[in-house]
Amino acid sequence: MIQIKGLIKDYGDFRALKDISVDIKKGEVIGLLGPNGAGKTTLMRIITGYISASLGSVKVGGKDILDDPKDVKKLIGYLPENCPLYPDMTVRDFLLSMAETKGIKGPKLKERLEYVLNAVKIKDREKSFISTLSKGYRQRVGLAQSLIHDPQILILDEPTVGLDPNQIIEIRDLIMGLKGDRTIILSSHILPEVSQMCERIIVIADGSIVAQGSESELITQVSANHKVHILVQEDFHKAMDLIKTIDGVQEVHIDRNNLIEAEIQKDKDLRPEIAQTLIKSNFKLLELRGGEMTLEEIFIQLTQAN
Amino acid sequence: MRNIFILFKREFKAYFFSPVAYIISFLFLALSGYFFAGFVNRFASAEVGYAFGSFPILILFFAPFLTIRLISEEKRSGTLELMLTSPISPLELVIGKYLAAFTVFLTVMILPTLVYILVMGSFAQPGSPGLDYGVVFTVYMGLILFGASLLSIGIFTSSLTESQLIAGIVGFVVSLILYLIDGQAATVRSPFWADLMKELSLQTHYIDFAGGMIKASNVIFYLLLTSLFLLFANKSVESHVWK
Ligand SMILES: Nc1ncnc2c1ncn2[C@@H]1O[C@H](COP(=O)(O)OP(=O)(O)O)[C@@H](O)[C@H]1O
Ligand SMILES: [Mg+2]
């Protein structure tokens, strides 16, 4: 659906995107993940045709945005960063007017309007002026606007930023409900958010793709070793020394709460052996759990390594 | 065409959501009415060209207020991104918005002045030559072409910046220079430059209209100037993509 090849974007002397290549298939839900300033917005703006690349090509539905800007733009629904809207218009007028700009006419106009009003659950606010809406409702209007022409591709730039936790869940559920057979690209700097919604996560840092894959693929990609946490009732340091002797354990630490953390080789699961060894030596084992790297740890590792 | 009409419609409506159009209309009519009444009191004459003598400079002051918002505000608020990622071209955007500003100009500034014509028509006394409707026509044609040029300068400067204030000031200064440039012609030695400065003046080309004459060169001047600044505005919006 979207083929990006060798994309480079320079803002003056500053290279915001460094050789990005991605292939996005029809129906995929892609999470573009990266810290602020990574280049997510820049990449989305190039795909939507708002700005042009310095080098490289973007093909959407087989067409180059530079050759057929209008055809490509019809395929895409876009929610820009910060959700810009016309505050002086009512929700209804705004959406009708956006529908017209997207080339919808006749009886389809009202049909699409009703559809999106219900899809994002703002039917009850259609007569309200946009300036009077809360941030959460504005975000819905922004989503409605991106859906109005029933696009095959949805591009959403940080759709949940600035919302409170309840609103985030609502918007997230809305987006998942909208999926259908659409291709969706959404960006975020919060990992759990994309990992919940997206099948494939593309991690971008400093204008380059540093990793991509599903959540579990990212985890194996990053963590050379995984961790096991062990808590015994007493003799913590003796337990630690004992664990060190088990084959496959690479490093053992103990923290202030006497929780032992053992780093285990990537492809081994030593939990049964650790438990057995400790119990045989009469340690009172209180707790033993596999501690995989948290999403946050992965994110930090991925985006800071480069 | 369809896209232009869609953008025109939205922009035209937007003018009446904010008080700007009403305030401009009120101030323009108050001032033009004041000067008009002053003229009528002194001369009790039915010469429209003179009675409306102050109108170009008033239009010069008020027309920029109709255009400053047009593109700068969309840049500031980010809605330009919604527009430019829709299947419409920058030129359609510029022309749709321009036509809206032009229609508002006709509606809130030009149309109400027809009242003055009614007033003058009622002066016509038996024996006096009365109101020359031919001159009324040329004066209005001149004012409308003059206004059209100013609005195109305004939309161009509005496309240059996110700030309405800067857009307004630059637009006004450019307009004022083009209006007054013929006055400077006398200070220039070279006859070539002096002629050029006269030819470039928004004021020079209005005079014939006020006198009741339609000259092709004057009409073409205003139309060219208008098209030129609309093309500049288009280039400026387009260039956004290449930033
Ligand atoms: N118009 C611009 N001019 C100059 N630099 C820009 C411009 N837009 C973005 N940048 C820079 O490019 C980098 C990437 O920005 P952006 O794509 O907005 O990142 P993200 O959306 O991931 O936060 C940042 O360092 C930002 O400062
Ligand atoms: Mg961004």
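Naming: A, B, ... by sequence-line order, numbering from 1 per chain.
Put simply, the side chain of B:Lys9 never gets that close to the backbone of A:Ser97: no donor and acceptor are under 3.5 Å apart.
No part of A:Asn82 comes within reach of chain B, as not one of its non-hydrogen atoms sits under 4.5 angstrom from that chain. Within the 4.5 angstrom heavy-atom criterion, no atom of B:Glu73 approaches chain A.
Within a 6.0 Å radius of NZ in A:Lys123, more than 12 heavy atoms belonging to other residues, nucleotides or ligands are found. Within a 6.0 Å radius of NZ in B:Lys235, no more than 12 heavy atoms belonging to other residues, nucleotides or ligands are found. By the 6.0 Å contact criterion, CZ on B:Phe12 is enclosed, its count of non-hydrogen atoms from other residues, nucleotides or ligands being greater than 12. When the shell of 6.0 Å around CZ of B:Phe137 is examined, it contains 12 or fewer heavy atoms from other residues, nucleotides or ligands. Heavy atoms from other residues, nucleotides or ligands lying under 6.0 Å from NZ of A:Lys5 number 12 at most.
Looking only at side-chain heavy atoms (C-beta outward), A:Thr101 and B:Asn3 stay at 4.5 Å or farther from each other. In this structure the side chain of B:Leu82 reaches within 4.5 angstrom of the side chain of A:Phe94, judged on heavy atoms. Counting heavy atoms from C-beta outward, A:Lys102 and B:Pro87 have side chains that approach closer than 4.5 Å.
Between the CD1 atom of A:Ile65 and the OG1 atom of B:Thr85 there is a distance of 9.0 Å, given to the nearest 0.5 Å. We find the CZ-OG1 distance between B:Phe17 and A:Thr90 to be 7.0 Å, quoted to the nearest 0.5 Å. Rounding to the nearest 0.5 Å gives a distance of 11.0 Å between OG of B:Ser86 and NZ of A:Lys74. To the nearest 0.5 Å, atoms CD1 (A:Ile51) and CG (B:Leu84) are separated by 12.0 Å.
Closest of all the heavy-atom pairs between B:Ser77 and A:Pro84 is O-CB, 3.3 Å.
Your options are A:His149, A:Met98, A:Glu81, and the one with the most heavy-atom pairs under 4.5 Å with chain B is A:Met98.
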From CA spacing to verdict: side chain to side chain contact (heavy atoms under 4.5 Å, CB included), B:Glu81, A:Arg45: CA-CA 9 Å; B:Glu81 194 163 353; A:Arg45 284 180 166 171; 3.0 Å; yes
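Salt bridge absent: B:Arg10 and A:Glu100 never bring a charged side-chain N and a carboxylate O closer than 4.0 Å.
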